[in-house]
Amino acid sequence: MTTPTDQSHSSQAAPTDAGAARPADRQTFEGRLRATAVLSLLVSLFGLGVLTVYAVEQVRADADARLEAAGAAGGRAAEARADAVADLGPPPAPTPDEPMTERPQDSATPPGDPRESAPQTPMQALAGQFESNDAALRQALLDAERLRATRDALQSALKAAVNAARPAKVLAESAGAPGPDAIPQPSCPDLNAMLRGYAKVGACFTDAGLRVSLGADDVRFPVGSAELPTDAADSVLASVAEILGREPQQRLAVIGHTDASGDTARNQVLSEQRASAVRDALIALGIEPARIRAEGRGETLPIADNDTAAGRLANRRVELILTTPLQPD
Amino acid sequence: MSRNDPTNAPPTLPAARLANFPASFFAMVMGLAGLTIAWEKAEAMLSLQLDFVPWLIGASTLLFAALALVYAAKIALYRDAVRAELKHPVRLNFMPTISISLLLLAIAFLPIAPAVSLPLWVVGALSQLGFTLYIVSAWMHERQFQVHHLNPSWFIPAVGNVLVPIAGVPLGFSEISWFFFSIGVLLWSVLMTIVFYRVLFHHPIDERLMPTLFILVAPPAVAFIAYLRLADTLDVFAQALYFAGLFLTLLLFSQAHRFMQLRFYLSWWAYSFPLAAVSIASMAMFEQTGTRLFGYLGFGLLTMLSGIVILLLASTALAVRERGICLPEH
C-alpha cells in the first residue's frame with residue numbers, strides 16, 4: 001500500500017537498502033539471524049536484570065540475618081546476666097536462724113528416718129551444726145565458682161554481641177536501616193547538670209539513646225531547601241552543643257526526616273543535606289566532627305499522618321540521638 | 001556523534017543537511033532521558049548509589065543542548081524548512097519530542113537540582129500546550145486525513161501531556177498537572193480507539209511502521225506514574241492504567257520477532273521511551289504493593305532497555321556515517 005505516510009518512511013530506508021542487491025532468501029536469512037541474535041541478547045539482558053535484583057535482595061536478607069543474629073547474641077548476653085543476678089539473689093552464706101542444713105543432709109540420708117531425729121545430745125547437735133556450716137561453706141564456694149563462670153560467659157557473650165553488631169551495623173547503614181548503636185552505659189558525672197541540660201532541649205529517653213527532636217519551632221528549613229536558618233544556632237543547637245561540651249563521652253547522630261510530599265529520592269537527598277547542615281552548625285559551635293554522624297531517612301519514618309498539613313509539619317524534622325559508646329571506637 | 005555531522009559533512013552538503021535536520025532527533029533525548037530516569041528509579045528501589053547515573057543525566061543534557069543548538073540554527077537559517085516540517089503529516093507528530101525532552105530533563109533533574117528542574121518544566125509544559133493545540137487543530141482542520149494515514153506516532157503529542165504531572169506535582173503545580181493529565185488521557189482514549197479501528201477494519205499497519213506500535217505502551221504507563229503523583233494512592237484507576245500498559249507491552253513482545261527484522265529509522269528512538277516508562281511504572285508498582293514480581297519485571301526491563309539504547313546509539317552513529325539521516329524527504 002502506498003500512502004504518503006508509508007512512502008515517507010520507506011524512502012528513509014532507501015540509502016541503506018540501495019547497496020543491498022542480495023538474493024531475497026539470503027536477505028531473509030540474514031534478517032532472521034539478526035533478529036534471533038538481538039532477541040536472545042535482549043532476553044539475556046532481561047534475565048541479567050532479574051538476577052541482579054535477586055542478588056541484591058539476597059545480600060540484603062543476609063545483612064538482616066546478621067542483624068538478627070547480633071540481636072540474638074545481645075539477648076543471650078542479657079539472659080546470662082539475668083541468670084547471674086538470679087544466682088546472686090538468694091544469699092549464699094547461711095544465716096544463724098536458717099542454717100542451710102537441709103540440702104546436704106537430704107542428700108546424705110533419706111528424710112523421715114526416725115533414728116536421726118530422736119536422740120539429740122549437745123555434742124551431736126554441735127557436730128551437726130559444724131557439719132551444716134561446713135556444707136554451707138562448700139555450697140557458697142560452689143556458688144562463687146558458678147558465679148565466676150557465669151560472669152565469664154556473660155563477658156564473652158557481650159563481646160560476641162558487640163563484635164557481631166559491628167559488621168551488621170555497617171551493613172545496616174548501607175541498607176538504610178537503623179543500626180543498633182552502641183548500648184548506652186549508665187554513667188553519672190554531675191547528674192543534676194546533665195538532666196537540667198536534657199530537660200532544656202526537651203530530650204526523651206529511647207532505646208536508641210537520648211532523643212532530641214528538632215521540629216519546625218526549633219529549626220525551620222525553607223520548603224525544599226537544606227539551608228539552615230541563621231537563628232537556629234542560637235536556640236536548641238547551642239544547648240545541645242553545651243551538653244556535648246560537658247559530656248565528652250557522648251556521641252551524636254543527626255538524622256534528617258522529611259514528609260512524604262514530593263519525590264522519594266529527592267526527599268532522601270534533602271533529609272541527608274538537612275542533617276549535614278545541622279551537623280555543620282554543631283561543628284561550627286565547637287564540637288569535634290568525629291563525634292557527630294549525619295544521616296538522612298527521607299520520608300521513610302513518619303511520626304504523623306502525611307495526609308494532613310499538621311502531620312507533614314511534624315514529619316519534617318531533624319532528630320538528634322545522643323549515645324554513649326560501650327567501648328571507644 | 002550525530003550532533004557533529006552538519007559541520008563534518010562535505011562542503012557541498014551542509015546547508016542541505018541542516019535544512020533537513022529533523023525534529024525527530026529529539027527522540028534520542030527521549031530515549032536517553034527515559035533511561036536516566038529509570039536508573040534513578042532503580043537506585044531508589046534498590047537503595048543503591050550508582051555512579052554512572054550522573055553521567056547519564058549529563059549525557060542527556062549535553063545531547064539536548066547540542067540538538068537544540070542545531071535546531072535553533074535551522075530555525076534561523078531555513079524558516080521554510082521548519083514551516084514545511086510543521087505541515088508534514090508524519091513529521092508534525094515528532095515536533096513535541098522537543099517539549100517532551102524538556103519535561104523529561106525536568107524529571108531527571110528533580111532529585112539532584114530542583115532549581116534547574118523548574119525552568120525546564122515551565123518551558124516544557126508551555127511548549128507542550130502550544131504543540132498540542134497546534135497539532136490537534138491541524139488534525140481537525142488543515143488536512144483531509146484518511147483512516148490509513150493514522151499511525152502510532154500520533155500518540156507522541158498525547159504522551160507529552162501525561163508527562164507534565166510527574167515533575168509538576170513535586171514542583172507544586174497540582175492543578176496545572178491535573179489539567180495536562182486530563183488532556184493526555186482524553187487524547188489517549190480517542191487515539192487508542194481510532195488505532196484499533198484502523199487495525200481491525202482497514203489495512204493492517206504496514207510492516208515498516210510496526211515498531212511505532214510500541215508507543216501505544218507509553219500513555220498508560222506514563223499516565224500511571226503521573227496518576228500516582230497526582231492522587232498519591234494505588235486505586236482502581238491507577239491499577240487499570242498500569243495493567244493496560246502491561247498488557248500492551250506483553251502484546252508487543254509476543255510479536256517481537258516481527259519488529260526485529262525491520263531496518264533502523266531515527267524515529268525508533270521514540271519507542272525506546274515507552275519501554276523506560278513501563279519499567280519505571282513496574283518499579284513504582286513494586287513500591288506501592290511490595291510484590292517482588294513487579295520489581296523483577298521493572299529491573300529486567302531496565303537492563304533490556306539499556307541494551308536497546310546501546311544498539312540504537314550504534315545504529316544512529318552508523319546511519320549518520322552512511323548519510324542515512326538528514327536527507328530530503330525521509
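Everything numeric in this text was worked out from a predicted model, so none of it was measured. A note on names: the letters A, B, ... follow the listed sequences, proteins ahead of strands, and every chain is numbered from 1.
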Whatever's closer than 4.5 Å to a heavy atom in chain A on L110(B) counts as both
How about F109(B) and W121(B): are their ring centroids closer than 6.0 Å? no
Below 4.5 Å, heavy-atom pairs only: which of D263(A), T264(A), L41(A), L51(A) has the largest tally toward chain B? D263(A)
Any donor-acceptor N/O pair, N306(A) side chain to A260(A) backbone, under 3.5 Å: yes
When you measure from the side chain of R321(B) to the backbone N and O of A319(B), does any donor-acceptor pair fall under 3.5 Å? no
Contact class of L42(A) relative to chain B, heavy atoms under 4.5 angstrom: both
Looking at S153(B) and N93(B), would you say the former's side chain and the latter's main chain have a donor-acceptor pair under 3.5 Å? no
Answer with side chain, backbone, both or neither: which region of L311(B) has an atom nearer than 4.5 Å to a non-hydrogen atom of chain A? side chain
Got a donor-acceptor contact below 3.5 angstrom from the E272(A) side chain to the E295(A) backbone? no
Top residue by heavy-atom pair count (under 4.5 Å) with chain A, among E40(B), K41(B), R229(B)? R229(B)
Quick one: what part of I308(B) sits under 4.5 Å from any heavy atom of chain A, side chain, backbone, both or neither? both
Would you find a donor on one side and an acceptor on the other, under 3.5 Å apart, between the side chain of N267(A) and the backbone of E299(A)? no
Does any heavy atom of chain B fall under 4.5 Å from the side chain of V50(A), the backbone, both, or neither of them? both
When you measure from the side chain of R274(A) to the backbone of R317(A), do you find a donor-acceptor pair of N or O atoms at a distance under 3.5 Å? no
When only pairs under 4.5 Å are counted, which of A265(A), A37(A), G49(A), G298(A) shares the most heavy-atom pairs with chain B? G49(A)
Toward chain B, the part of Q268(A) with a non-hydrogen atom under 4.5 Å: neither
